[in-house]
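Counting convention: from 1, in listed order, for ligands and their atoms alike. Nothing fancy with the numbering, it's 1 onward along the sequence.
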Amino acid sequence: MADQRIISSIIAPIFNEIESIPELYRRICATMDKVGDPWELILVDDGCTDGSTGKILELAEKDQRVRPLIFARNFGHQIAVTAGWDYARGDAVIIIDADLQDPPEVIPELIAKWKEGYEVVYAVRSEREGETWFKKITASIFYRLIYRITDVKIPMDTGDFRLLDRKVVNVLKTMRERHRFPRGMAAWVGFKQVGVAYKRAVRFAGQTKYPFKKMLKLALNAITGFSYFPLQLASYFGFISAGVSIIAIPVMIILRLTGSQAFSGQASTLIAVLFLGGVQLISLGILGEYIGRLYDEAKGRPLYIIRNAPED
Ligand code: UDP
Ligand code: MG
C-alpha cells in the first residue's frame, strides 16, 4: 500500500466535527470506490477539543487510506488546508469541508474535468441551503468586494472546495505566507482553471466554526494579501481634502471681506478637525494591518505545529 501510487488525495480540515466524521468517511469511501483510482483521505485535526481526534485516529487505524494529521492547537481552516497540501501525495488534490456542506458526490465531476486537462477545478456554489440570511448576505458582499478590489480575479461564490493538479500544489507549497487566503492563492497561480456548479448543502451536524470575527479576519487576509488598495485610500483622501481646502480658502476670504457671517461658529472647525482626525486614525489602522502582517512574516515561525503526522 505504502508504495502504491495515489491518484487522488482528499483533504478535510476538521475543527470539532465529531458527529460528521463517520458520515464523511462513509460518503467519501462510497464515492471514491466508484471512481476506482487509488485515493487517500487526509483528515487534518485543527486542534479539536470534542473527541474528534480519537475518531480520526480510530478511522486511520482501521483503514490505511485515512491519514491523520493532528495539530498541536487550533491554527485555523486555511492553515489546516495548507498542511494538507504539504502531506498530500496524490496527482490530484481535493479540498473539502468536513461538515458535508460540500457533497463528496461532486468529487467525480471535479475529477472528470481534471481528466479533461484542467489543472484547477473549483466548485461554484449555485445555491446555498439552510444558511442564515446574515451568512448569505455577508458572504455575497465578501465575494463581490474581494473580486473588485483585489488584483487577481478570484472566482465569485467559490469556497475552498476544489481540485488542484499536482503541478499547482507544488507551486502553492512554495508560497509560505502566514495570513493566507487559499482560494486567492489558487487563482493567483494561473494554470488552466474551470468551475463546476454545485448545490451547497446544509451542515450535517453541529454549528458553524466561522463566527463573524473569523469571517472578518479571513476577509482582511484576502484583501491585504492580494491588494494595496486600502493603503492607497489615505492618498486619495489626502488629495480630496487638499482639493477641497484649495477651493475653500479663497471662498472664505471673499466671504469675510464682504462681511458674511457664514461659517463663523466653532462647529464647522470642530467637524473638519474630527473628520480629518477620523480619516487619519483609520489610515493608521490600515497601515497597522499591513505592518502587523509584515511583523508576523519577519518572525518566521512555523505555519503550524504537528503533534502526530501520518506514519508514511
Ligand atoms: N475548520 C477548521 N478550523 C477552524 C474552523 C473551521 O479546520 O478554525 C473547518 C471546519 O471543521 C469545516 C471547515 O473548516 O470542516 C469549514 O468550516 P465551517 O463549516 O464552520 O464554515 P462555514 O461552512 O460555516 O463557512
Ligand atoms: Mg460549513
Under 4.5 Å side-chain linkage, directly or through intermediates, the cluster mates of I253: I249, L257

Partner of D157 under salt bridge (Lys or Arg N to Asp or Glu O under 4.0 Å), chosen from R144, R200, K199, R125: R144

Over 12 non-hydrogen atoms of neighbours within 6.0 angstrom of OH in Y295: no

Among R162, R166, K167, salt bridge (Lys or Arg N to Asp or Glu O under 4.0 Å) partner for E119: K167

Residues in ring-ring contact (aromatic ring centres under 6.0 Å, His included) contact with H179, at least two apart in sequence or another chain: none

Derivation of the salt bridge (charged side-chain N to carboxylate O under 4.0 Å, His left out) call for R65 and D33: CA-CA 12 Å; R65 297 171 301 184; D33 288 343; 3.1 Å; yes

Residues lining ligand 1 [heavy-atom distance under 4.0 Å, listed by chain and residue number]: P13, I14, F15, E17, D46, N74, G76, H77, D97, A98, D99, Q101, K135, R200, R203, T208, K209, Y210, K214

Under 3.5 Å side-chain donor-acceptor pair for T82 and R180: yes

K299 atom NZ: more than 12 heavy-atom contacts under 6.0 Å: yes

Environment of the Mg ion (ligand 2) in terms of protein N/O/S atoms, cut-off under 2.8 Å: D99 OD2, Q101 OE1

Worked check of side chain to side chain contact (heavy atoms under 4.5 Å, CB included) between S52 and I21: CA-CA 8 Å; S52 298; I21 295 170; 3.6 Å; yes

